[in-house]
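Notes for the one structure printed next.
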Amino acid sequence: MLELNEVLSNFPASKFRRYQREVIEKVVDAFNSGYKCILLEAPTGFGKSYVNTAFARSMYSFYTTPQLSLIRQMLNDPRLIGIYKDIKGRQNYRCYHDPEATVDEGLCVRNRFFECQKEEVCPYWKRKIECLKWNPVLTSFAYFILEGRTEGSPYSLGCRELLIIDEGHSIDRHILNHVTLAITPSLQGIYRAVAHEFHEDMSKTDVLNLLHEVYNMCKYELRQIQKTLDGGAIIGIQDAKYRRKLEEWVAIAEMFFESEVKEWVWSVKWMTLQGRKYKYLVVQPVYARDYGWEMLWHRAEYYIISSATILNADMFIYETGLDKAVRKSEVLYLKVPSIFPPENRPIIDCTIGKLTVSERDYNIGKAIKKIEEILEKEKGNVAIHCHSYDFAKKIYKFIHPKYKDRLIIHTSEDREEMLEKWKNSRGKVFLAVAFTEGQDWKGEICDAQILLKVPYPDAKEDARVRRRLEKCEWTWYRLEALKETIQAYGRAVRSPEEKKPFYVIDSSFPNLISWAWRWVPQWFKDALPPHWNKDTIRETVKELKQLRRETGVYKGYSDSQLKKQAIKILRGEL
């Protein structure tokens with residue numbers, strides 16, 4: 001049984017923000033009443049990490065998140081210093097005996113007969129031993145999954161009573177990333193031997209046969225490297241890296257073969273390395289639920305998953321395979337209001353038309369004109385969520401020259417460098433691609449945001465998305481776009497005092513909001529313009545009907561005509 005007073009005493013701050021104590025009391029009562037899992041939907045400003053920490057200290061716990069920036073924030077938070085031991089992958093630590101190499105490429109890996117007192121000198125193993133004895137342990141989601149493969153060894157972190165996943169709304173996507181098989185030039189000679197077999201018309205049997213062929217070749221290469229080591233030779237750092245790549249590929253392939261996944265897809269793609277183009281093959285399961293128990297849920301008895309965008313609890317449970325760990329009756333879904341006034345974080349209608357594939361060429365010029373109008377008003381730092389590099393390039397190319405000096409554009413190679421440049425500038429405009437999560441753009445870092453394009457999953461580039469749309473899984477598709485949009489919205493306003501607008505240009509957004517209304521968090525609805533708020537429209541229609549009964553105005557109007565009038569009124573057009 002959890003003691004409420006103990007959990008409250010483990011809360012790391014001297015005072016509670018609004019709703020924090022109330023949530024702690026509800027979670028304690030839930031766990032004591034037989035619930036096993038808490039899905040906590042709470043917006044920016046609630047202080048999820050502090051509430052999670054109260055439970056992490058009160059139970060034997062893992063605390064993990066896909067967002068590395070959140071881990072950095074927690075480790076630098078004065079109130080959390082000393083509470084957690086964090087551990088990263090071996091590639092993040094330098095070999096004690098060979099500082100030129102990371103631990104996963106160290107002398108003990110490259111020389112079979114090298115004796116290292118790793119418990120005493122190796123920075124990674126010393127840290128892991130500390131974590132074995134410590135509560136709570138903090139890790140990235142990627143490390144947590146990979147470390148789980150060591151289960152059964154004396155150094156495995158094993159299982160604990162409680163698993164906390166912060167920013168857990170996208171863990172299904174992260175699970176799938178860890179069971180993706182790619183045959184790329186990093187496999188060196190193996191790639192060169194099979195690349196000629198990649199083609200768009202490969203059958204399922206062709207792909208399976210190729211995977212088994214590559215698997216056997218990887219196993220052979222590993223045996224050859226082991227023979228070299230057994231013979232007393234020392235391999236180089238690059239050979240150690242290659243060996244690690246082979247081991248990772250084999251581990252994923254074995255998981256793929258053993259799980260007997262029913263739904264999986266493949267695609268041939270292109271990549272550029274040192275100025276040359278290479279085609280490569282990607283094989284991916286469609287659903288994460290096939291792997292959720294094995295990779296995640298079996299490692300704890302209780303769970304707290306927190307995020308601002310869980311949105312649809314039933315879908316989250318199904319997609320992540322959580323229903324294989326707990327019954328639905330053992331899951332409590334808690335929703336927390338925002339503590340930020342909606343007038344400080346308004347969503348502003350600047351829509352100019354849709355930017356879908358069929359309409360973007362017609363509307364992109366109008367979208368750029370609207371951006372110019374917004375930049376005339378917003379003189380501080382602005383972030384434009386472009387959704388794709390193609391949109392970012394179009395803005396940079398076609399915007400009026402007077403605004404071009406303000407723009408900071410990035411590529412996939414220099415994204416972090418350009419982000420830091422923008423964050424340390426004033427009056428600049430960041431053309432952001434895939435920066436909707438894990439960013440803390442408080443204060444003067446960002447004064448306004450613009451949503452250029454609703455971030456629907458890319459069916460052209462992602463075979464998993466195509467497969468799900470072939471199966472008419474439109475609810476999943478639209479909720480993925482809504483989650484990412486709401487995540488983008490939460491990047492800039494980080495305290496109750498900050499006032500920053502969120503401009504929307506793509507006309508697909510109000511359509512998405514209308515369709516997904518029952519899943520849109522109330523705190524997000526509160527910031528919408530009145531003519532996008534279905535509750536406000538409904539109330540206005542009621543008032544018009546009352547006016548019709550009392551005065552005869554709008555006599556003969558149908559319900560749909562009254563709705564159009566209500567929207568015009570709310571827009572300020574009447």
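Computed from a predicted model, the values in this text were never measured in an experiment.
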Looking at side-chain heavy atoms only, is the closest gap between Ile305 and Phe316 below 4.5 Å?
yes
Should the pair Tyr477 and Trp474 be assigned to parallel (<30°), tilted (30 to 60°) or perpendicular (>60°) ring geometry?
perpendicular
Of all heavy-atom pairs between Leu452 and Asp506, which one has the smallest distance, and what is that distance?
O-CB, 3.2 Å
So how far is it from Ile175 CD1 to Thr320 OG1, rounded to the nearest 0.5 Å?
6.5 Å
Lys26/Asp29 salt bridge by N-O under 4.0 Å criterion:
no
Would Glu119 and Arg127 pass as an ion pair if we require N to O under 4.0 Å?
no
So does Asp323 pair up with Lys328, basic N to acidic O under 4.0 Å?
no
Pairing donors with acceptors under 3.5 angstrom, does anything connect the side chains of Glu539 and Thr536?
no
Would you give the length of the straight line joining atom CZ of Phe502 to atom CD1 of Ile486, rounded to the nearest 0.5 angstrom?
9.5 Å
With no hydrogens and no angle check, do the side chains of Thr309 and Gln487 hold a donor and an acceptor under 3.5 Å apart?
yes
Describe, in one word, how the ring planes of Tyr489 and Trp523 are oriented to each other, choosing from parallel (under 30°), tilted (30 to 60°) and perpendicular (over 60°).
parallel
CZ of Arg494 to CD of Gln439: how many Å apart, nearest 0.5 Å?
9.0 Å
Could you tell me whether His385 and Tyr503 have their ring centroids closer than 6.0 angstrom?
no
Is the closest basic N to carboxylate O distance between Lys421 and Glu417 below 4.0 Å?
no
Indicate whether any N or O donor in one side chain lies under 3.5 Å from an N or O acceptor in the other, for Tyr333 and Glu41.
yes
Ion pair Arg244/Asp104, N-O distance below 4.0 Å
yes
N/O donor-acceptor pair under 3.5 Å between Asp86 side chain and Leu138 backbone
no
Indicate whether any N or O donor in one side chain lies under 3.5 Å from an N or O acceptor in the other, for Ser306 and Asn52.
yes
Would you check, one step at a time, whether the test side-chain hydrogen bond (donor to acceptor under 3.5 Å, both in side chains) holds for Ser61 with Tyr302?
CA-CA 9 Å; Ser61 307; Tyr302 295 90; over 6 Å; no
Phe11 versus Leu8: any side-chain heavy-atom pair under 4.5 Å?
no
Quick one: NZ on Lys453 to OG on Ser388, what's the gap to the nearest 0.5 Å?
8.5 Å
Could you pull out the closest heavy-atom pair between Val433 and Arg415, with the gap in Å?
O-NH1, 3.0 Å
Do Met295 and Val179 make a side-chain contact, defined as non-hydrogen atoms from C-beta onward lying under 4.5 Å apart?
yes
Does any part of the side chain of Gln284, heavy atoms only, come nearer than 4.5 Å to the side chain of Trp264, both counted from C-beta?
no
Electrostatic pair Glu444:Arg426 at N-O distance under 4.0 angstrom:
yes
Can you give me the closest heavy-atom contact between Ala527 and Arg345, atom names plus distance?
CB-O, 3.4 Å
Looking at Tyr318, does the NZ or CZ of Arg289 lie under 6.0 angstrom from its six-membered ring centre and within 45 degrees of the ring axis?
yes
Should Glu498 and Lys442 count as an ion pair when the cut-off is N to O under 4.0 Å?
no
So with a 6.0 Å cut-off around OH of Tyr96, is the heavy-atom count from everything else above 12?
no
Centroid-centroid under 6.0 Å between Phe430 and His410 rings
yes
With distance as the sole criterion, is a donor-acceptor pair present between the side chains of Glu147 and Thr150 under 3.5 Å?
yes
So, taking the atom named SG in Cys131 and the one named OH in Tyr84, what distance separates them when rounded to the nearest 0.5 Å?
13.0 Å
For residues Ile165 and Ile171, determine if any side-chain heavy atom of one lies less than 4.5 Å from a side-chain heavy atom of the other.
yes
Shortest non-hydrogen contact from Arg173 to Glu437?
NH2-OE2, 3.6 Å
Going through the checks in order, is the side-chain hydrogen bond (donor to acceptor under 3.5 Å, both in side chains) test met by Asp166 and Tyr63?
CA-CA 8 Å; Asp166 204 350; Tyr63 194 126; 2.7 Å; yes
Closest contact, heavy atoms only, Cys446 versus Trp441:
CB-CB, 3.7 Å
Trp422 six-ring centre to Lys428 NZ/CZ under 6.0 Å and within 45° of normal
no
Is Lys118 positioned over the aromatic face of Trp125, cation under 6.0 angstrom from the ring centre and no more than 45 degrees off axis?
yes
Thr102 vs Gln91, test: side-chain hydrogen bond (donor to acceptor under 3.5 Å, both in side chains). Steps then yes/no.
CA-CA 5 Å; Thr102 53; Gln91 70 274 16; over 6 Å; no
Are Ile347 and Phe524 close enough that some pair of their side-chain heavy atoms sits under 4.5 Å apart?
yes
In Å and rounded to the nearest 0.5 Å, what is the CD1 to CE distance from Ile310 to Met315?
14.0 Å
Is the ring centre of Tyr50 less than 6.0 Å from the ring centre of Phe16?
no
Quick one: do the Tyr456 and Glu484 side chains pair a donor with an acceptor below 3.5 Å?
no
Beyond-backbone contact of Glu247 with Val250, side-chain heavy atoms, under 4.5 angstrom:
no
Could you tell me whether Phe509 and Trp532 have their ring centroids closer than 6.0 angstrom?
yes
Might you point out which heavy atoms bring Ser140 and Leu68 nearest each other, and give the distance in Å?
CB-CD2, 3.6 Å
Between Lys471 and Glu263, does a salt bridge (charged side-chain N to carboxylate O under 4.0 Å, His left out) hold up when you go through it step by step?
CA-CA 11 Å; Lys471 297 174 71 176; Glu263 287 279 353; 3.3 Å; yes
Distance alone, cut at 3.5 Å: any donor-acceptor contact between the side chains of Ser58 and Asn10?
yes
Under the 6.0 Å and 45° cation-pi test, does Arg160 pair with Phe62?
yes
Are the charged groups of Glu473 and Arg468 less than 4.0 angstrom apart, N to O?
yes
Does Leu482 reach the side chain of Leu311, with side-chain heavy atoms less than 4.5 Å apart?
yes
Whether the Gln522 and Asp526 side chains hold a donor-acceptor pair (N or O, under 3.5 Å, no angle test) is what I'd like checked.
yes
Test salt bridge (charged side-chain N to carboxylate O under 4.0 Å, His left out) on Arg327 and Glu330; report intermediate values, then the result.
CA-CA 5 Å; Arg327 295 188 294 271; Glu330 296 174 321; 3.2 Å; yes
